[in-house]
Amino acid sequence: MRIATFSIGGERRVGIVDTVAGEVKPFDLPVDAAREGVLAIIDRPGVPATLSPIPLDRVEIEAPIPRPRRNIFCVGKNYHEHAHEFAKSGFDSSAAAGAVPKEPIIFSKVPETVIANRAKVKIDPAVSSAIDYEVELAVIIGKAGRGIAKEQALDHVWGYTIVNDVTARDLQGRYSQWLVGKSQDTFCPMGPWAVSKDEIDITNTAIRCFVNGDLRQNSNTGLLIFDVPTLIATISAGLTLMPGDIIATGTPAGVGIGFNPPRYLRAGDVVRCEVDGIGVLENQFEERAA
Ligand code: MG
C-alpha cells in the first residue's frame, strides 16, 4: 500500500494512493487522528479505507508524517563511495576516525524540519552558503522495541518513505556534532507518501537524485555499509524505538560536496529524489525572505 497524507478543503486526511487510477481513497479516521498523518494508520492497523476516492489532482499532498513525534534518526557515511567523497571534502568532522566508519554514525534532525513534496526548501544566505542535497531511503518503525536483534529487526518496520537530508555543509563542518547543519528549517523534504514494507525489497532498490534534471546520485540500497537490520539493532540497543520513529539510512555518492569545486544548491534549483517502488520527491530551493 502507498499511503498519503493530504489536505482537502483545509482538512487533513490520510488515504491509500492508487497511482494508476490517479486517486486516493481516504481512511475512515476521526479528524483529530488524521492530523497525525500516517502515524494514525500505524497506531490503528486494520482501519478501513472506506470513504469515496478523491482525484489526486484535487488534493494537496503533505509529508506522510508531517510532524514526527521526536527527532528523525539519521545515518552518516553509509555508502562506501559517499564515505570517501565526504571524508576528503574538508567538512567531515568525523574523518579522523577513518573514511569508512567502523560503527554506524547516528545523528538526528529536529521534527520541525519536515516539509512536503513540492514545498519550498528555504536557503538563508546569512546562515549558510553551502547547501547540499542527500537522497535517502527512510525506514518507518511500526512496532516498539528495545534491544532488537538483527534477525527480528524487520518485524519492527512498518514501511518506508524518501527523505532529502538537506545539509548546510559549512555548519556541519564547523561543529563536531552535525545537528545544527542538518536541522535548519525546511531541511527535511519527505514523501511523496509512505509505502508499507511489502512494497519494496530494500536489499535491492534503485535510489537516484537529480538537480535541475542532471543525474547526480545513482545507486542501490543494497550497497548500504550498515543494512537496515544493523541500523535498527544499533539504535535500539538501550534506546527504545517507538512506532512512528523514522530512520534515514544515509546517502549515496554524488552530493554537491563531492565535486571539485563543490556544487552547492542555489535559489531556483529543483532537486528530484527517487527510490524505485516508492515514488518521486521533488522540491525547489528558494531564498528565505528577509
Ligand atoms: Mg544524510
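Counting starts at 1 for both ligands and their atoms, in listed order. Residue numbers run from 1 in the order of the sequence given.
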Exercise answer: donor-acceptor pairs, residues 142-156 side-chain atoms, under 3.5 Å, sequence neighbours excluded:
residue, atom, partner, partner atom, Å
H156, ND1, K143, O, 2.9
H156, ND1, A144, O, 3.2

Q: Determine how many protein N/O/S atoms sit closer than 2.8 Å to the Mg ion (ligand 1), leaving waters out since they are not shown.
A: 3
Q: Using a strict cut-off of less than 4.0 Å between a Lys/Arg side-chain nitrogen and an Asp/Glu carboxylate oxygen, indicate whether E23 and K25 qualify as a salt bridge.
A: no
Q.
What I want to find out is whether E286 reaches R266 closely enough, with some N-O distance under 4.0 Å, to be called a salt bridge.
A. no
Q. If we ignore angles and hydrogens, is there a donor and acceptor under 3.5 Å between the side chains of H84 and E81?
A. no
Q: Examine the side chains of R169 and Y264 and answer whether a donor and an acceptor come within less than 3.5 Å of each other.
A: no
Q.
Between W178 and S93, do the side chains contain a donor N or O and an acceptor N or O under 3.5 Å apart?
A. yes
